[in-house]
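Here is the structure we will look at.
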Amino acid sequence: MFLLRDIISEEIVPKGILMMGIPGCGKSLSVKAIASCFGLPLYRVDMIEIFSGRHGKPEGAFVEACRTMEDMAPAVLWFDEIEMGVTAAESGGEQGRIFAFFLTWMQEKTRGLFVAATANRIDLLPAEMIRKGRFDEVFFVDLPVEKERIEIFKIHLARRGVDPSPFRLDQLTGFTNGWTGAEIEQCVVSALTKAQLEDRALAEQDLIQVAVKLVPLSRTMKEQITHIRDWAFERAVPASPRASGR
């Protein structure tokens, strides 16, 4: 009973989250928003850089990065493209040892160090990584739906000094089905560049002309993206409510 009381009264400190999703849909932006919301500094560990060899052997570089970050707590630690390095392949090999270290480290790391891991292919990660207890939650960031695409257009127009209110952005939704947020941003940038080169204000038709020509990732990599969405549907929490209906 004494132990139970201690557990209940202990302050609950979040460990972190794991986010998977289609490239260009806002995983990185979400991590930055988390750090801003917590009011904590954000540090990023690039798994591709860890395995580049520029910082010594990957195993040593990874362990040193994790240990160093414990001294920086409280902070948000972002493991970018974690599936590129943390796997269970060959338990006796380097990647296997990194994986084993990471699992133990996640359980024992310093309180106040919030881990935000992002992955494009969370299905490549072993089950031990995504089980409850390693992270507080596993989220899936899906392609934006119609209402979200309109809001993303508004954001990127406003960021570039263009008032979005005169534009009938709902007309663009038919051309942008299956687009990522990054592709919407590029549409705005390309259309605005075209208008500036012609020394005139951005017109609605400029956005439509770019949208018609742009081939989205969801079309060029249809099979892979369908696989990711199918895998995540029953294994991860949708980052926004509408994702559950796909």
Side-chain angles (χ1 to χ4, degrees), residues 12-38 40 42 44-48 50 66 76-89 95 98-100 102-107 109 113-149 151-152 176-184 216-246:
I12 298 175
V13 178
K15 296 178 180 179
I17 61 171
L18 176 59
M19 283 190 293
M20 75 164 294
I22 298 159
C25 286
K27 297 186 298 298
S28 300
L29 184 61
S30 296
V31 174
K32 295 173 183 177
I34 289 169
S36 177
C37 180
F38 286 170
L40 294 176
L42 173 64
R44 175 174 171 263
V45 175
D46 187 339
M47 297 306 297
I48 294 177
I50 289 287
C66 292
V76 174
L77 177 56
W78 172 17
F79 287 99
D80 193 16
E81 295 190 77
I82 196 168
E83 79 275 24
M84 302 302 294
V86 179
T87 70
Q95 281 194 323
I98 288 176
F99 173 69
F102 184 77
L103 292 186
T104 302
W105 181 80
M106 279 293 293
Q107 294 294 117
K109 64 180 175 62
L113 189 60
F114 184 89
V115 172
T118 56
N120 293 325
R121 294 287 305 276
I122 201 174
D123 56 313
L124 298 180
L125 293 172
E128 298 96 322
M129 175 70 75
I130 62 176
R131 76 162 177 80
K132 294 294 184 181
R134 305 294 184 198
F135 295 93
D136 295 308
E137 195 55 88
V138 177
F139 290 101
F140 175 60
V141 184
D142 204 353
L143 294 166
V145 294
E146 182 176 311
K147 183 179 179 180
E148 292 167 334
R149 296 199 301 274
E151 290 303 312
I152 295 172
T176 60
N177 188 38
W179 281 29
T180 65
E183 288 163 344
I184 294 173
L217 186 67
S218 62
R219 193 181 306 164
T220 58
M221 299 181 67
K222 182 178 179 180
E223 292 79 11
Q224 181 175 324
I225 289 177
T226 298
H227 170 70
I228 292 172
R229 298 178 82 188
D230 288 344
W231 188 96
F233 186 62
E234 295 181 349
R235 295 176 175 87
V237 175
S240 55
R242 51 79 192 155
S244 58
R246 293 161 59 87

Ring-plane angle category for F38 and F114, please: parallel below 30°, perpendicular beyond 60°, tilted otherwise. perpendicular
Roughly how far, to the nearest 0.5 Å, is the CG atom of L103 from the CD1 atom of I98? 12.0 Å
Just wondering, do W231 and T226 contact through their side chains at under 4.5 Å, heavy atoms? no
Test side chain to side chain contact (heavy atoms under 4.5 Å, CB included) on K109 and C66 and set out the steps. CA-CA 9 Å; K109 64 180 175 62; C66 292; over 6 Å; no
Answer whether the closest heavy-atom distance between the side chains of Q107 and K15 falls below 4.5 Å. yes
Side chains of V138 and R235: does their closest heavy-atom pair fall under 4.5 Å? no
Under the side-chain hydrogen bond (donor to acceptor under 3.5 Å, both in side chains) rule, collect the residues that match up with W78, sequence neighbours excluded. T118
Could I get the full list of side chain to side chain contact (heavy atoms under 4.5 Å, CB included) partners for T220, not counting sequence neighbours? V215, L217
Got a sec, which residues hit side-chain hydrogen bond (donor to acceptor under 3.5 Å, both in side chains) with Q224, two or more places apart in sequence or on another chain? none
Rounded to the nearest 0.5 angstrom, the CG-CG distance for L40 and L77 is 12.0 Å
Point-to-point distance, once rounded to the nearest 0.5 Å, from CG of D46 to CD1 of I82: 12.0 Å
Apply side-chain hydrogen bond (donor to acceptor under 3.5 Å, both in side chains) to N177 and list each qualifying residue two or more places apart in sequence or on a separate chain. none
Under 4.0 Å between a Lys/Arg side-chain N and an Asp/Glu carboxylate O for D80 and R44? yes
Centre-to-centre under 6.0 Å for F233 and F140, is that the case here? no
Indicate every side-chain donor-acceptor pair of residues 20-29 with a distance under 3.5 Å to a residue at least two apart or in another chain.
unit_1, atom_1, unit_2, atom_2, d
K27, NZ, G21, O, 3.3
K27, NZ, N120, OD1, 3.0

Would you indicate whether the side-chain heavy atoms of I34 and I17 approach each other to under 4.5 Å? yes
Report the C-alpha distance between T176 and E146 in whole Å, list the side-chain angles of each, state the deciding distance to 0.1 Å, and finish with yes or no for side chain to side chain contact (heavy atoms under 4.5 Å, CB included). CA-CA 8 Å; T176 60; E146 182 176 311; over 6 Å; no
Work out which heavy atom in V115 is nearest to a heavy atom in F135; give both atom names and the distance. CG1-CE2, 3.9 Å
Quick check: closest heavy atoms across W179 and P144, and the distance to 0.1 Å? O-CD, 3.2 Å
CD-CZ distance between E183 and R149, expressed to the nearest 0.5 angstrom: 11.0 Å
Results of salt bridge (charged side-chain N to carboxylate O under 4.0 Å, His left out) for E137 - residues two or more places apart only: K132
Could you pull out the closest heavy-atom pair between S218 and I225, with the gap in Å? CA-CD1, 3.5 Å
Go through I50 and F79 one step at a time and tell me if the side chain to side chain contact (heavy atoms under 4.5 Å, CB included) criterion holds. CA-CA 11 Å; I50 289 287; F79 287 99; over 6 Å; no
